Structures are given as structure tokens and as C-alpha cells.
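Worksheet: one structure, shown below.
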Amino acid sequence: MPIDTSAKIFVAGHRGLVGSAVVRKLNQLGYTNLLLRTHSDLDLTNQSAVESFFAAEKPQYVILAAAKVGGIHANNTYPADFITVNLQIQTNVIVSSFNHKVQKLLFLGSSCIYPKFAPQPIPENALLTAPLEPTNEWYAIAKIAGIKMCQAYRLQHNFDAISAMPTNLYGTNDNFHPENSHVLPALLRRFHEAKINNLDKVVVWGTGSPLREFLHVDDLADAVIFLLENYSDLEHVNVGSGSEVTIKELAELVKEVVGFKGELIWDSTKPDGTPRKLMDTSKLVGLGWTPKISLRDGLVDTYKWYLENYGKQ
Ligand SMILES: NC(=O)C1=CN([C@@H]2O[C@H](COP(=O)(O)OP(=O)(O)OC[C@H]3O[C@@H](n4cnc5c(N)ncnc54)[C@H](OP(=O)(O)O)[C@@H]3O)[C@@H](O)[C@H]2O)C=CC1
Ligand SMILES: C[C@H]1O[C@H](OP(=O)(O)OP(=O)(O)OC[C@H]2O[C@@H](n3cnc4c(=O)[nH]c(N)nc43)[C@H](O)[C@@H]2O)[C@@H](O)[C@@H](O)C1=O
């Protein structure tokens, strides 16, 4: 059902990759009453601050895009932060949303919730059927708890909380940190810096053989609003692009888009992570949503944004 454009919508994490794309999309669609707080205005790990905020502001809808997020290295290096901060943020926001009668909440998880060796493409019902990928199990356990909290509040209290599970995302406002980011922004930056410094080699992590599915964050934002308007059920919903590339193919594509002419060196001392994680998106496609942005177009667009925002550093 379409949401009234004057509805008060709290987008938690509105300065991040996903939150900022959701805000751009809501603005485009004419939503006029967005409730936004930076991390320093409202620390979502602080339970009493979150409770007071919901009591005072009474949002009608909540999109939970605030989380502790990072790539394979960050997940593997800071397991305590990834499990604790994510459990705290999501528990505080879900419970306060219920306490203060939010009409609907959308929780964002991630494709890493699925078993390391899940059937491919991965259907929603592969959840909790086998062990997780060790490099990100702490984050995955927090995300699985988020899905289960949404289900528990729906079952016990009829609270309209839904969960979307995106594949690997990229785009405007991504995190380009050299070690703690995801592969696509990390490589964009590394190839760019190698090009402007006239280097002849770039190091890429792992073997290059893992397969990953990438979705532009503007497509994800579109899917988030589509689900908010059209889906109210217990099971989480996969959100993906439906196509995958090897990390080697991705690296070659980023190299071409950036215009780096040198050689790739594979550092196999770095972890590959899960070998493959292609989402089965037939549930979302069946509801009527499909992605629009190809990986090449999305990459060109993201590099343009990177140049405009970080290119002079
Ligand atoms: N990026 C990806 O490839 C994928 C992301 N997702 C999911 O999408 C969601 C958003 O991820 P993404 O946009 O990439 O992450 P980002 O790191 O880009 O953004 C996260 C946002 O959350 C805010 N935040 C973090 N901690 C707190 C806190 N304690 N209090 C208030 N705000 C806080 C951050 O603010 P600040 O920076 O100031 O701390 C930031 O604005 C997450 O749930 C993630 O699991 C799912 C699949 C893939
Ligand atoms: C979204 C998702 O993101 C993470 O899982 P991941 O898919 O493994 O993510 P990643 O982007 O960090 O790596 C993908 C692949 O790429 C290789 N790789 C090469 N070179 C670099 C590189 O320079 N940086 C990074 N980060 N990876 C590199 C890397 O070795 C790996 O084989 C989890 O946090 C998980 O919790 C999660 O939800």
C-alpha cells in the first residue's frame, strides 16, 4: 500500500551508503517529513537515549540502515564490535519502535546470514541450515537475531516489522577506507591512487576466485521502499541483482573503468571468505520488483562520484 508522503519516517543511519540512498529516493518520491539524526546527535547503542527519542518524536515508519558495517578484514579483526554494536542498535530500535507504536519497521540484514556452503542461488529458507562463514559469523549472528526479533514481535504482538537481506552493495557515499571497506570501493581507490602515482602494480586480496553479486545502492533503496509499501510478512526477503562475477573479473572491470594500466598481484595470504553467495531473488521478483543498474554503469557512476568527492586527496 502506498505510504502517505507526509508520514513521519525515521531513516536511521541516513549518512551511510544505504541510508543516504534511501533519503535521496524518498526525497525524489516527494516525502516531506523525514526524521534524521546523526550518530553524534543520537547514539543508537544508548538504550535510554533511543527510548526518549522515540517517545518525543513518535515516527510512523522506521527504516533501520544504521549498523556497524565493514568488509572481510574489518569483520574478521573486530568481532566483538560487530556482534555487540549491531545487537545493541537493532534491539534498541526494534523495541522502541514497538513501544511507541511505529506502524511499520524495515530491518536491513545482509547475505552473510546464510551458510558458507549454501545452495546457489540462495533461497530465503537456507537460513540456519548449516555453519556460517567464519570471517563474518559475529556480524551474521547479530543480523540473524535482528530477523528473529522482527519475527518474534510480529508473532507475539502483531508488530509490522519486515526484514530485507541485500547482497553486496556499492555506490554514492560508500566507505573507501583502504583496509576496512568492501572490495569494490577498496579497489576503486587503490587503482585510482596507483594511476595518479604512476605505479605499475596493484595488490588485490585473496585468490580472485570467489564469486560475488553486486547491487547498486540506488536499486537497493528502490527495493527498500517497494518492500515497505508492498510486503508485510514473517519471512525476510532477499534483494540482489541476480548476476555474479569473480573477484578477478571485478578487479579487471574496476581497472578498466579507472584507467589503470599496470599489473594485478594477488595476495593469497588474505582470506577469500565465502566462495560464492548469489541470492535467489525469485520472491522479490515475484512481488514485482527488478533492479535497473548494471555493474558497469554503476561502477562508472561511483568512480565519477569518488573523483568529485575524494579525487583531489
Ligand atoms: N554495504 C554493503 O555492502 C551492505 C550493507 N548492508 C546493510 O545495510 C545497512 C547499512 O549499511 P551501509 O550503509 O553500508 O553502512 P554505512 O557504514 O555506510 O552506514 C552506517 C550508518 O550507521 C550509522 N551508525 C553506526 N553506528 C551508529 C550508532 N551507534 N548510532 C547512530 N548511528 C550509527 C553510521 O554513522 P557514523 O558513520 O557516523 O558512525 C552510518 O551513517 C546495514 O544494516 C548493513 O548490514 C547489507 C548488505 C551489504
Ligand atoms: C557485504 C558483505 O561483506 C563482507 O563479506 P565479503 O563479501 O567477503 O566482502 P568484501 O567486499 O570485504 O570481500 C569480497 C572479496 O573480495 C576480496 N578482496 C580483494 N581485494 C580486496 C580489498 O582490497 N578489500 C576487500 N574488502 N576485499 C578484497 C576479498 O578477499 C573477498 O574474497 C562481510 O563483511 C559480510 O559481513 C557482508 O555482509
Side-chain angles (χ1 to χ4, degrees), residues 11-22 36-46 49-50 53 63-76 81-82 84-86 88-90 92-93 106-114 132-133 135-140 142-143 146 163-191 202-215 217 220-221 224 239-240 245-248 250-251 254 264 266-277 279:
V11 183
H14 72 283
R15 296 211 289 201
L17 172 69
V18 171
S20 63
V22 167
L36 309 171
R37 290 290 183 280
T38 63
H39 189 161
S40 52
D41 288 340
L42 174 64
D43 181 352
L44 294 169
T45 65
N46 180 334
V50 173
F53 166 76
I63 298 171
L64 179 43
K68 170 103 188 138
V69 177
I72 193 167
H73 173 76
N75 269 269
N76 212 11
D81 294 351
F82 274 82
T84 307
V85 172
N86 285 310
Q88 286 174 330
I89 292 176
Q90 69 203 35
N92 292 343
V93 173
L106 184 143
F107 169 71
L108 280 153
S110 160
S111 56
C112 71
I113 58 160
Y114 291 114
L132 297 163
E133 153 61 30
T135 54
N136 58 35
E137 65 175 311
W138 321 98
Y139 174 77
K143 293 294 183 185
S163 302
M165 296 304 117
T167 187
N168 293 46
L169 306 169
Y170 69 98
T172 300
N173 284 325
D174 211 338
N175 166 13
F176 293 89
H177 188 279
E179 283 89 37
N180 293 336
S181 63
H182 291 103
V183 60
L184 192 152
L187 294 186
L188 243 170
R189 174 176 174 168
R190 209 171 295 145
F191 284 126
V202 159
V203 175
V204 187
W205 299 355
T207 60
S209 65
L211 285 151
R212 291 291 182 274
E213 176 191 16
F214 294 94
L215 181 73
V217 74
L220 186 264
V224 161
V239 187
V245 289
T246 64
I247 295 301
K248 182 168 187 307
L250 175 78
V254 177
L264 305 189
W266 293 93
D267 177 1
S268 56
T269 65
K270 292 283 201 296
D272 269 343
T274 197
R276 189 178 178 202
K277 48 174 176 177
M279 298 281 219

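None of these values were measured; they are calculated from a predicted model. Atoms within a ligand are numbered from 1 in the order they appear, just like the ligands themselves. Side chains are part of it too, since the values below use all heavy atoms of this structure and drop only hydrogens, waters and symmetry mates.
Distances from atom 8 (O) of ligand 2 to the heavy atoms of H73, R212, E213 put R212 nearest. Counting heavy atoms only, T167 comes closest to atom 47 (C) of ligand 1 of the residues T167, N168, V224. Taking each of N75, L132, D267 in turn, the one with a heavy atom nearest to atom 34 (O) of ligand 2 proves to be N75.
The protein heavy-atom contact nearest to atom 29 (N) of ligand 1 is D43 OD1, 2.9 Å. Atom 25 (C) of ligand 1 has as its closest protein heavy atom A67 O, 3.4 Å. For atom 6 (N) of ligand 1, the nearest protein heavy atom (residue, atom name, distance) is G109 O, 3.8 Å. At the top of the distance list for atom 33 (C) of ligand 1, counting protein heavy atoms only, stands H39 ND1, 3.7 Å. Looking at atom 45 (O) of ligand 1, its nearest protein heavy atom turns out to be Y139 OH, 2.4 Å.
Judged purely by distance below 3.5 Å, without hydrogens or angles, the side chains of E213 and T167 pair a donor atom with an acceptor atom.
Not a single protein heavy atom sits closer than 4.0 Å to atom 37 (O) of ligand 1.
Within the 4.0 Å heavy-atom criterion, the part of K143 lying near ligand 1 is the side chain and not the backbone. Only the side chain of H182 comes within 4.0 Å of ligand 1, counting heavy atoms alone; its backbone N, CA, C and O stay farther away.
Of the polar atoms of L17, at least one N or O is found under 3.5 Å from an N or O of ligand 1, judged by distance alone. For ligand 1, the polar-atom distance check against N173 finds no nitrogen or oxygen pair separated by under 3.5 Å. Ligand 1 has no N or O atom lying under 3.5 Å from any N or O atom of V85, backbone or side chain. Considering both main-chain and side-chain atoms, H14 never comes within under 3.5 Å of ligand 1 through any nitrogen or oxygen pair. Close N/O approach between L169 and ligand 1 is found [any backbone or side-chain N/O within under 3.5 Å]. Considering backbone and side-chain N/O of L44, one or more are found under 3.5 Å from N/O of ligand 1. Some N or O of V18 is nearer than 3.5 Å to an N or O of ligand 1, by distance alone.
Between atom CH2 of residue W138 and atom CG of residue D81 there is a gap of 13.0 Å, rounded to the nearest 0.5 Å.
Ligand 1 has no atom lying under 4.0 Å from any heavy atom of M165. Residue contact check for ligand 1: I89 places a non-hydrogen atom closer than 4.0 Å to it.
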